[in-house]
Amino acid sequence: MNEMKENYRNYNPRQAALDEARTLLTAAAKAAMEAGDLPETELPDFIVEIPADVKNGDVASNLAMAGARAFHKAPRQIADALVAHLPSLDDTAFSKIEIAGPGFINLFFAPAWFSHVVAGATVNPEFGRTDFGKGEKINVEFVSANPTGPMHLGNARGGALGDCLAAVMDWAGYDVTREFYVNDAGNQIQKFGRSLSARYLQIFKGEDAVEFPADGYQGEDIKVLAREFADIHGDVFVDSEEEVRKQALIDYGLPKNVEGLERDLGKYRITYDVWFRESVLHESGAVQAVIDKLLATGACYKAEDGAIMYKSAQYSEKYGTANKRKDENEAKDEVLVRANGIPTYFAADIAYHYNKLAVRGFDRAIDIWGADHHGHVARMKGAMDAVGLDGSKLDVILMQLVKLMKDGQQVIMSKRTGKAITLTDLLDEVPIDSARFFFNLREAGSQMDFDLDLAVKEDSENPVYYVQYAHARICSILKKLAEDGVEYQGAQAWAGVSFAEPAELDLVRAISAFPAEIVLSSQKYDPARITRYVIDLAGAFHKFYNACRIREAEPAVQQSRMALCLAVKQVIANVLTMFKVSVPETM
């Protein structure tokens, strides 16, 4: 069993078949040229793919069409020559090859290919995992909510997307680090301190006696922190200087909030490898070092008022929008250091990404930002070029807004607080399984409606329930067979059986797609592909179960269909576990 498992390690049946088809067709073209049936020429680029509709073949190639100009022949003539010189298909993934229409070349999978897919998924508990990424070091930074208040609904979507993307990248063979950037320095922290200071003073002097900052944080959480601080210290800080009182409140409130972020994200099943603090960049001199580097290369200059300005337009232009429309802000030079000598958030952000790529040596950094940050993408990528790095190694995923819907109407306020809905509000309303699964139903760049009513349904309309039920159904099938005295005996028990029923073949094809979907999801930064894939797989299983009897089948066929059940069970379990969704055995 261990040897079989090792044989199927990093097994990607679709990619292996595509690679083999390309090798066969390339060999056929070279043999045809050597025989004089095709003129000697450089082989053109051609496509080998698995078509959406496999009724005309499991793998299709346009080699004959692509070679018309190079070979100076009609595609059909080229296809005939290629098929005539095709190497033997024995011991390959294919049983036959056909020419269709004006010259399309179609290959059909051999029965052994279907058997290998099922065997691979049953013996390898990590079926789906590949070595595509070759261990490339990837940093995925997501959520990174300001520690000045609770996380909102956008953070709920960003958390699920980021965590599941990191999981997909890991399964695709990358060395992945999940990171949270703690903005514990700068203007927002000073505003946090002023807000806490005002609420603290109001406790002892009354709300009318102490003016609250116009730009202060109005949330109830600020009042709670101020009250906790007052309960501990009493009125000791009432007569202190504002800076002393403010800093004392920041020192108390900030760790509490960061702890709260970590706790709430943990409840959401998100665990980070790194919590990176912005303050470390300032304290270590990293921000100043980056500013000095930019000044030395001429990417910055000193303005008349003493501020240090960054030539944003010069470096961001090549990373501009696809339609070349220039955002007004992109064309402006950026303030890196204010006239008072205090660096801006942008300066710290450059230092932070420099730290990722240059200091810690990540091959690529992936950030998930809200769509409202779109104007900052080109500037940040350009800044990496300006500081001597490669801006293309920073990839930013822009996440669109999510609307919470109930009874067909948008829900804006929390019933509990009357304020904007937070992550904890959402998790009080819907199961964590539903939240994580639903937020991965659509790609990050699309707006989405989160249906609260659907998320709590326990029927097939709820997509996560539908998938979990398929897994539980398989567990029930296998349990009933065991009660009948039937146990799975391994691949040798069905070695002479070929999958023949359409529902069986469709299900094997669906299983085979899993590793390829993992790779595509990692390339496109779209974990929603996997969520949609597993829904389709569950559907293919239900069709198979309704079309093919298992308990009544003769022993060898029964074993082959049990293998199919086990293969689907493994894939569903792998997807759900990868996305930190529970895998029930009974429902």
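Because the structure is a prediction, the values reported are computed rather than measured.
- Taking all atoms of both residues into account, the shortest heavy-atom contact from Ala455 to Val430 is CB-CG1, 3.8 Å.
- Environment of CG in Asp45: sparse, with no more than 12 heavy atoms of neighbouring residues, nucleotides or ligands closer than 6.0 Å.
- Judged purely by distance below 3.5 Å, without hydrogens or angles, the side chains of Ser316 and Arg379 never pair a donor atom with an acceptor atom.
- A heavy-atom distance below 4.5 Å is found between the side chains of Arg360 and Val274.
- Between Val54 and Phe108, every side-chain heavy-atom pair lies at or beyond the 4.5 Å cut-off.
- Under a 4.0 Å N-O distance rule, the pair Arg532/Asp526 qualifies as a salt bridge.
- Looking at Glu458 and Tyr469, their side chains never bring a donor and an acceptor atom within 3.5 Å of each other.
- Both the sub-6.0 Å distance and the 45° axial angle are not jointly satisfied by Lys356 relative to the ring of Phe362.
- The pair Asp363-Lys393 does not meet the salt-bridge criterion, since no charged nitrogen lies less than 4.0 angstrom from a carboxylate oxygen.
- More than 12 heavy atoms of other shown residues, nucleotides or ligands fall within 6.0 angstrom of atom CD in Gln523.
- Residues satisfying the ring-ring contact (aromatic ring centres under 6.0 Å, His included) criterion with Phe346, sequence neighbours excluded, are Tyr310, His376.
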Note to self: Using side-chain contact (heavy atoms from CB on, under 4.5 Å), reason through Glu141 and Asn139 one step at a time and then give a plain yes or no.
What the structure shows: CA-CA 6 Å; Glu141 184 222 322; Asn139 179 291; 3.9 Å; yes

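- Judged by a 6.0 Å distance limit and a 45° cone about the ring axis, Arg22 is positioned over the six-membered ring of Phe46.
- Taking the charged nitrogens against the carboxylate oxygens, Arg269 and Asp163 have no contact shorter than 4.0 Å, which rules out a salt bridge.
- When each of Tyr181, Tyr272, Phe180 is tested with Phe142 by the rule ring-ring contact (aromatic ring centres under 6.0 Å, His included), just one qualifies, namely Tyr272.
- Of the charged side-chain nitrogens involved, none lies within less than 4.0 Å of a carboxylate oxygen, so that Lys406 and Asp451 do not count as a salt-bridged pair.
- Other residues, nucleotides and ligands contribute more than 12 heavy atoms inside 6.0 Å of the NZ atom of Lys267.
- A 4.5 Å side-chain heavy-atom check between Gln570 and Leu566 finds every atom pair outside the cut-off.
- For the atom pair CG of Leu564 and CD1 of Ile511, the computed distance is 5.0 Å after rounding to the nearest 0.5 Å.
- A donor-acceptor pair under 3.5 Å is formed between the side chain of Glu504 and the backbone N or O of Glu501.
- The ring-ring contact (aromatic ring centres under 6.0 Å, His included) analysis of residues 443-463, with sequence neighbours excluded, yields the pairs Phe438-Phe450, Phe439-Phe450.
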